[in-house]
Each structure stands twice: as structure tokens, then as C-alpha cells.
Amino acid sequence: MEITEKAPAKLNLCLDTPFRHPNGSFEWEMVMTAIDLADYVHIETMSDDDRITVKTDSGFLPCDQRNLTYQAAKKIKSHFGIETGLKISIKKNIPVAAGMGGGSADAAAVLRALNKLWKLGLSSKELAQFGLSIDSDVPFCVYSQTALVTGQGEIVTPLRELPTMWFVIAKPPASVSTPFILKQINYDNLEHLNVAQLVSGIKDQDFKLITSNMQNVLEPISAARYPEITRIKHKMLQFGTSAALMSGTGPTVYGVCQNYSRAARVYNSLRGFCEEVYLVKSITLKGSNVHTIK
Ligand code: ATP
């Protein structure tokens with residue numbers, strides 16, 4: 001048996017951390033969306049071998065138990081006591097260590113794929129619970145649709161689809177270590193966000209309310225180490241995007257435009273400043289059995 005699952009990247013429309021739990025984990029308040037820049041995860045079952053093997057077309061990724069797809073497959077196999085082996089192949093399109101949740105997207109794709117392949121009957125909420133112990137972004141990636149994400153990443157509340165908007169994404173050459181950035185958070189210096197306003201903007205399909213409430217509290221921390229983030233952000237605003245923001249812990253920065261022609265102009269202008277630039281829309285992964293808050 002084999003299956004191919006699409007694994008879309010995510011962008012943070014806003015990111016805040018209200019506090020840190022006594023056990024050291026972070027409390028999150030984020031609005032995220034899935035975009036049409038995706039990896040593809042192919043899984044083949046092997047009845048004569050119990051092992052999980054991972055291969056990818058990217059030279060930058062570990063292919064052993066450190067790969068998040070391996071961890072996702074191992075969790076499902078162990079929990080259900082399934083002895084079938086798996087060959088996982090990842091077609092990598094999402095930049096690595098970029099703040100776009102590539103590893104989490106791949107792990108979530110494995111959870112969804114094995115749920116279908118082995119007819120496990122798990123709901124998105126249950127798959128998200130499996131994903132949480134792999135990375136805090138995996139629960140969102142199980143859903144891969146615009147959502148409010150709270151708790152330690154496990155409370156995913158799907159929202160309406162975004163109104164028409166285009167994302168121009170620039171990935172500077174640096175790779176950012178998420179643990180390194182998270183270690184530098186000082187709660188005394190954080191200016192918390194009005195996430196409810198952004199959620200209202202999405203509910204009311206109000207482009208201006210959305211773009212005026214997009215913010216990431218980690219941006220000053222990452223930008224202090226990677227000045228390229230601020231440089232690209234300013235270029236995006238100068239070229240005419242309605243908002244520009246760092247995603248996750250960076251270094252990816254994206255700008256938002258309401259219409260395609262402006263987005264295409266920004267995209268072309270930015271290619272003179274940054275090698276890796278993408279022009280994409282937000283997507284909703286089909287087949288999520290979830291209730292959407294309208
Ligand atoms: P996060 O913010 O969750 O750390 P990110 O988008 O910044 O995510 P990823 O591309 O997910 O970064 O990579 C983070 C780390 O995860 C890298 O060090 C990478 O080696 C590791 N990793 C493990 N499996 C994968 C995978 N399938 N795809 C990408 N990275 C993976």
C-alpha cells in the first residue's frame with residue numbers, strides 16, 4: 001500500500017506568548033494560516049520488514065530518528081502495535097529552519113496519511129494530540145487551515161478562510177535555531193498583542209483590520225541577531241505591501257497584498273534583494289473533519 005500526502009507550510013499572522021509554564025513550556029497565542037507552498041510525503045508499507053526508513057531530496061535534513069516524520073510514524077506504530085515497516089520519502093519544497101514549520105508539516109502529513117492508510121479512525125483532534133509531543137506546530141499542521149492556536153500548541157480553533165490576499169515570502173540565507181531564539185524571551189519586555197482583534201478581522205473578512213493587527217513578539221529578538229529581517233521587511237513595505245511580518249522564529253519575512261498585480265510587482269522587485277522569494281495564497285487542506293468557527 002502507498003499514499004502521498006501534501007504537507008503545506010504555515011505562516012504566523014500573529015504570534016504572542018502570554019507566559020511560560022512552570023515546567024518550562026511556552027503558552028502560545030497565535031493565528032496561523034496554511035499556504036500553497038508544500039512538501040509532499042510519500043509512504044509505502046513493507047510487510048517483510050518492521051523498520052521505518054526516511055529519505056529526502058534535501059541535503060540538509062537528518063534521515064534517522066531525528067527526522068520528525070520518523071518520530072510521527074514511530075508514535076503511531078507503537079501506540080497501535082503495528083509491525084508493518086514504512087518507507088517514507090519527502091519531496092522538500094519548504095525552506096528548512098525558516099519559521100514556516102516544514103518539519104511539523106511533514107510530521108502532520110505522516111499522521112494523516114497513516115490514519116487513512118491503516119483506517120485508524122482518529123479525529124483531527126486526536127491526531128493533533130499525537131503531534132504535540134513532536135513539536136508545538138504539529139497540531140496546527142494536522143488541520144492546515146487558518147486557525148487560532150493556543151495552549152502549548154494543542155488547542156487549534158479553525159477560523160474562516162482568509163479574504164483574498166496574496167503573500168510575498170522572502171527567505172534570507174540564514175537558518176534560525178528555534179530553541180536559541182526562545183531562550184532569549186524576556187517576559188518583562190514583551191508587548192502583548194490584541195489577538196482578538198485579528199480574529200474579528202478574519203471573521204468579518206476585514207482586510208484592513210487583519211493587516212493592522214499582524215504582529216510577532218519574537219521579531220525584535222530574531223531581528224537583533226539577523227538584521228536582514230528588518231532590511232527585507234522595510235523593502236517590502238516600501239514596495240507597497242499592506243503589512244510585513246516575520247513568521248515563527250524567522251528568518252522568513254512575508255508581505256501581504258490585497259490584489260495579485262501589486263503582489264507580483266513586489267515579488268519581482270524583491271528578487272533583486274533576496275534569492276529565495278515566493279508568491280503564494282493561503283489554502284485550506286481539504287478533508288479536515290473539523291468544525292469551523294464562522
Ligand atoms: P520550528 O519553528 O518548528 O522549529 P522551522 O520552520 O523554523 O520550524 P523546520 O524546517 O521545521 O524549521 O526545521 C527545524 C529543525 O527540524 C531542523 O533543524 C531540521 O533538521 C529538523 N527536521 C527534522 N525533520 C525535518 C523535516 N522532515 N523537515 C524539516 N526539518 C526537519
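Note that ligands are numbered from 1 as they come in the structure, with each ligand's atoms numbered from 1 the same way.
When only non-hydrogen protein atoms are considered, atom 5 (P) of ligand 1 lies nearest to Gly99 N, 3.6 Å. In terms of protein heavy-atom proximity, atom 1 (P) of ligand 1 is nearest to Thr178 OG1, 3.5 Å.
The distance from ligand 1 to the heavy atoms of Asp106 drops below 4.0 Å at these ligand atoms: 26 (C), 27 (N), 28 (N). Listed by atom number, the atoms of ligand 1 under 4.0 Å from Lys92 heavy atoms are 28 (N), 29 (C). Within ligand 1, counting atoms from 1 as listed, the ones closer than 4.0 Å to a heavy atom of Leu61 are 19 (C), 20 (O), 25 (C), 26 (C), 28 (N), 29 (C), 30 (N), 31 (C). Listed by atom number, the atoms of ligand 1 under 4.0 Å from Asp137 heavy atoms are 3 (O). Counting atoms of ligand 1 from 1 in the listed order, those under 4.0 Å from a heavy atom of Arg66 are 23 (C).
The backbone N or O of Leu193 sits less than 3.5 Å from a side-chain atom of Asp16, completing a donor-acceptor pair. Side chain of Arg51 to main chain of Gly85: no donor-acceptor pair is present (N/O by atom type, distance under 3.5 Å, no hydrogens or angles).
Here's the thing with Gly101: one of its N/O atoms is less than 3.5 angstrom from an N/O atom of ligand 1. Checked by distance only, ligand 1 and Met100 come closer than 3.5 Å through their nitrogen or oxygen atoms. Some N or O of Gly103 is nearer than 3.5 Å to an N or O of ligand 1, by distance alone.
Contact annotation for Ser136 and ligand 1: no heavy atom of the residue comes within less than 4.0 Å of the ligand. Looking at Asn67 against ligand 1, both its backbone and its side chain come within 4.0 Å, counting heavy atoms.
For the residues Asp135, Val41, Val96, Leu68, the heavy atom positioned nearest atom 17 (C) of ligand 1 is part of Val96.
Checked by atom type, the side-chain pair Glu126/Ser123 shows a donor-acceptor distance below 3.5 Å. When only modelled atom types and interatomic distance are considered, Ser282 and Thr33 share a side-chain donor-acceptor pair under 3.5 Å.
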Using a 3.5 Å cut-off and no angle test, enumerate the donor-acceptor pairs between side-chain atoms of residues 163-172 and protein atoms at least two apart in sequence or in another chain.
| unit_1 | atom_1 | unit_2 | atom_2 | d |
| --- | --- | --- | --- | --- |
| Lys171 | NZ | Ala174 | O | 3.2 |

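Phe19 pairs by the ring pair (Phe, Tyr, Trp, His ring centres under 6.0 Å) definition with His21, not counting sequence neighbours.
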